[in-house]
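What follows is a set of notes on a single structure, which appears directly below.
Every number for a ligand or one of its atoms is a count from 1 in the order of the listing.
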Amino acid sequence: MTKNNDISIVILAAGKGSRMKSNKAKVLHNLCGKPMLYHVIKSSQEISDDINVVVAHQKDAVITEMNKYFNNINFVIQDADNFPGTGGAMKNVSPKNNTVLILNGDMPLITSDSIKAFLNIESEIIMSIFDLTNPDGYGRVIIENGEVQKIVEQKDATKDELSVSTVNAGVYAFSKKTLQKYIPLLDNNNAQKEYYLTDVISMAKNDNLKIVPLLVDENNFKGVNSKKDLSEAEVIMQDRIKDKWMQNGVIMQLPSTIYIEESVTFEGECLIENNVRITGNTIIKNSHIKSSSVVEDSNIIDSDIGPMAHIRPSSIIKDTHIGNFVEVKKGILNGVKAGHLSYLGDCEIDNGTNVGAGTITCNYDGIKKYKTTIGKNVFIGSDTQLVAPVTIEDDVMIAAGTTITSGTVRKGSLAISRTKLRTIKDFYYKFFGKQNG
Ligand code: UD1
Ligand code: MG
């Protein structure tokens with residue numbers, strides 16, 4: 001959608017979020033791999049260039065985190081000690097444009113399409129509402145004679161008001177002059193001793209201003225106050241992510257068991273089996289990820305992975321077969337077969353190489369990490385340890401059970417380290433005695 005130069009957006013992100021029961025600021029809790037506030041800003045940016053984010057609680061952490069993703073956000077500091085609450089949060093905001101859209105930082109499911117509706121209505125005040133069978137936690141919207149009278153917060157509500165199922169979704173569009181008039185008039189005469197933005201509604205109503213209620217969908221406007229809300233919102237966002245990729249041609253088996261972060265991308269023909277987790281900036285291209293595998297921040301191209309494999313960050317896996325119980329970390333594998341339980345960390349393995357079961361790159365000496373480089377057409381026997389730094393040139397054969405301690409194994413060689421096998425006749429019977437003949 002095209003950006004609207006008449007709209008400023010304010011995102012309230014300064015609250016303590018006590019119901020989250022966490023040391024971390026509420027808006028920094030992750031949803032599908034990114035903080036809640038990231039999702040709200042991302043959708044807002046599709047609508048306006050004037051994005052104002054109000055911060056106070058853990059403001060340094062919130063600003064630092066958001067600066068990782070965005071470079072054109074206007075951070076506004078709330079004087080939360082003297083003016084706590086969503087109304088207090090608006091006191092220091094000076095939006096550039098005449099229409100001000102206010103969003104809560106705890107509504108990560110918001111999409112630009114879902115807020116577009118606010119921009120198509122001409123009014124001094126538009127507020128969002130939805131009807132819920134369980135309105136717990138939300139401000140109740142009191143409507144009389146078809147007109148919005150006020151919003152009553154749960155903690156201030158009478159028993160009758162608590163039974164109202166129409167709630168304030170928490171997004172508003174105000175004209176700048178309405179805000180400038182009413183924000184300074186707010187008081188904190190309520191159960192929480194906070195300055196409520198929602199009180200602007202009853203003040204405006206008393207002045208006979210028209211308040212337009214806009215019915216919205218909970219799937220886009222759900223507020224996240226607790227860790228339970230967070231998990232419910234994440235399910236909704238997961239469904240969106242997976243639906244998008246399935247529409248784009250990815251096959252998913254039992255998609256409700258699959259977890260895919262928003263930064264993951266797929267190309268070509270991909271098949272994702274049940275219980276797979278894919279995170280970070282992973283790219284999967286023409287590949288098959290088998291059941292219960294985890295892929296983090298890696299590229300998987302023309303390959304099959306798992307079941308039960310763990311591909312850790314910075315791996316690039318191409319034309320390769322990775323079997324069960326194989327862990328790869330920062331591994332660049334091109335045309336490789338590693339079919340069974342192995343650890344391949346800080347390594348480069350080239351075309352035609354077969355990695356036997358139980359192979360371990362010993363990349364860490366307790367202080368530093370070292371690299372293993374393995375050439376083309378190498379045959380690594382089972383139970384091989386490669387104590388890095390080590391280089392295996394092309395066409396090398398490593399005998400099962402070998403420990404390669406350092407240096408370079410030259411092209412075409414056999415590497416073998418074994419103690420000679422001894423068999424001692426009847427030792428078993430001498431040791432345990434002869435049982436039942
Ligand atoms: C708020 C609304 C409620 C609505 C609900 C929708 C008020 C008083 N209540 O309640 O009517 O149904 O959202 O989700 O507005 N914040 C600040 N500074 C503060 C306090 C909060 O910036 O001093 C921010 C928070 O970081 C949060 C947002 O404002 O992102 C909403 O605050 P929260 O405490 O979650 O309000 P709710 O109780 O959910
Ligand atoms: Mg909330």
Discussion item. Give the atom numbers and elements of ligand 1 that come within less than 4.0 Å of a heavy atom of Tyr196.
Written reply: 8 (C)
Fill in: Carboxylate-amine/guanidinium proximity below 4.0 Å for Asp106 and Lys26
yes
Item to complete: Around atom 23 (O) of ligand 1, find the nearest protein heavy atom and jot down its residue, atom name and distance.
Response: Gly85 N, 2.7 Å
Item to complete: Measure the distance from atom 22 (O) of ligand 1 to every protein heavy atom, then report the residue, atom name and distance (to 0.1 Å) of the closest one.
Response: Ala14 N, 2.8 Å
Fill in: For atom 6 (C) of ligand 1, the option (of Gly223, Ala169, Ser128) bearing the nearest heavy atom
Ala169
Worksheet item: With sequence neighbours left out, what residues match Lys222 under side chain to side chain donor-acceptor pair (under 3.5 Å)?
Response: Glu232
Practice prompt. Carefully, step by step, assess Phe130 and Tyr138 under the rule ring pair (Phe, Tyr, Trp, His ring centres under 6.0 Å).
Written response: CA-CA 10 Å; Phe130 45 64; Tyr138 288 98; 5.4 Å; yes
Worksheet item: Counting N and O atoms only, with roles assigned by atom type, does the side chain of Asn134 sit under 3.5 Å from a partner on the main chain of Asp136, one being a donor and the other an acceptor?
Response: yes
Worksheet item: Against heavy atoms of Gly105, which atoms of ligand 1 measure under 4.0 Å?
Response: 30 (O)
Item to complete: Identify the heavy atoms of Ile142 and Glu161 that sit nearest to each other, and give their distance.
Response: CD1-CG, 3.9 Å
Discussion item. Applying ring-ring contact (aromatic ring centres under 6.0 Å, His included), can you list everything that pairs with Phe83, at least two apart in sequence or on another chain?
Written reply: Tyr195
Worksheet entry | Element-labelled atoms of ligand 1 that are located less than 4.0 Å from some non-hydrogen atom of Gln78 | 17 (C), 18 (N), 19 (C), 22 (O), 23 (O)
Discussion item. Taking only non-hydrogen atoms of Asn225, do any sit less than 4.0 angstrom from ligand 1?
Written reply: yes
Fill in: Test side-chain contact (heavy atoms from CB on, under 4.5 Å) applied to Ile305 and Ile300, Ile284, Asn324, Val294, the passing residue
Ile300
Discussion item. Could you identify the single nearest non-hydrogen protein atom to atom 2 (C) of ligand 1 and state the distance to 0.1 Å?
Written reply: Glu153 OE1, 3.8 Å
Practice prompt. Grab the two heavy atoms, one from Gln45 and one from Ile73, that are nearest each other, plus how far apart they are.
Written response: NE2-CD1, 4.2 Å
Worksheet entry | Main-chain N/O of Ser123 paired to Lys210 side chain as donor or acceptor, under 3.5 Å | no
Discussion item. Taking only non-hydrogen atoms of Lys16, do any sit less than 4.0 angstrom from ligand 1?
Written reply: no
Fill in: Ala80 to ligand 1, any heavy atom closer than 4.0 Å
no
Item to complete: Looking only at protein heavy atoms, identify the closest one to atom 21 (C) of ligand 1 and say how far it is in Å.
Response: Gly15 CA, 3.7 Å
Worksheet item: How close do Pro108 and Val224 get, heavy atom to heavy atom, and via which atoms?
Response: CD-CG2, 3.8 Å
Discussion item. With 2.8 Å as the threshold, which protein atoms of type N, O or S lie near the Mg ion (ligand 2)? Leave waters out.
Written reply: Asp106 OD2, Asn225 OD1
Discussion item. Any heavy atom of Lys26 closer to ligand 1 than 4.0 angstrom?
Written reply: yes
Discussion item. Which residues pass the ring-ring contact (aromatic ring centres under 6.0 Å, His included) test with Tyr343, not counting sequence neighbours?
Written reply: none
Worksheet item: For atom 38 (O) of ligand 1, what is the nearest protein heavy atom, given as residue, atom name and distance?
Response: Arg19 NH2, 2.8 Å
Fill in: Selection from Val200, Val10, Thr86 by shortest heavy-atom distance to atom 7 (C) of ligand 1
Thr86
Discussion item. Under a 4.0 Å threshold between the charged nitrogen and the carboxylate oxygen, would Asp207 count as salt-bridged to Lys181?
Written reply: yes
Worksheet, complete the sentence: Heavy-atom closest pair (Val148 atom, Lys205 atom, distance to 0.1 Å) is O-CD, 3.3 Å
Item to complete: Report yes or no: does a heavy atom of Gly88 sit under 4.0 Å from some atom of ligand 1?
Response: no
Response to the item:
For atom 5 (C) of ligand 1, the closest protein heavy atom turns out to be Asn168 O, 4.0 Å
Fill in: Under 3.5 Å: donor-acceptor pair, side chain of Ser315, backbone of Ser298
no
Discussion item. I need the contact type for Pro84 against ligand 1. Using non-hydrogen atoms and a strict under-4.0 Å cut-off, is it side chain, backbone, both or neither?
Written reply: backbone
Worksheet item: Out of Leu103, Asn104, Ile102, Val76, whose heavy atom is nearest to atom 28 (C) of ligand 1?
Response: Asn104
Worksheet, complete the sentence: of all protein heavy atoms, closest to atom 27 (C) of ligand 1 is Leu12 O, 3.6 Å
Fill in: Atoms in ligand 1 flagged as close to Gly139, the criterion being non-hydrogen separation under 4.0 Å
3 (C), 4 (C), 11 (O), 12 (O)
Worksheet item: Hey, does Asp106 sit under 4.0 Å from ligand 1 if you only count heavy atoms?
Response: yes
Worksheet item: Judged by atom type as modelled, is there a donor-acceptor pair below 3.5 Å linking the side chain of His29 to the main-chain atoms of Leu230?
Response: no
Worksheet item: Asp81 and Pro84: which non-hydrogen atoms are nearest, and at how many Å?
Response: O-CD, 4.1 Å
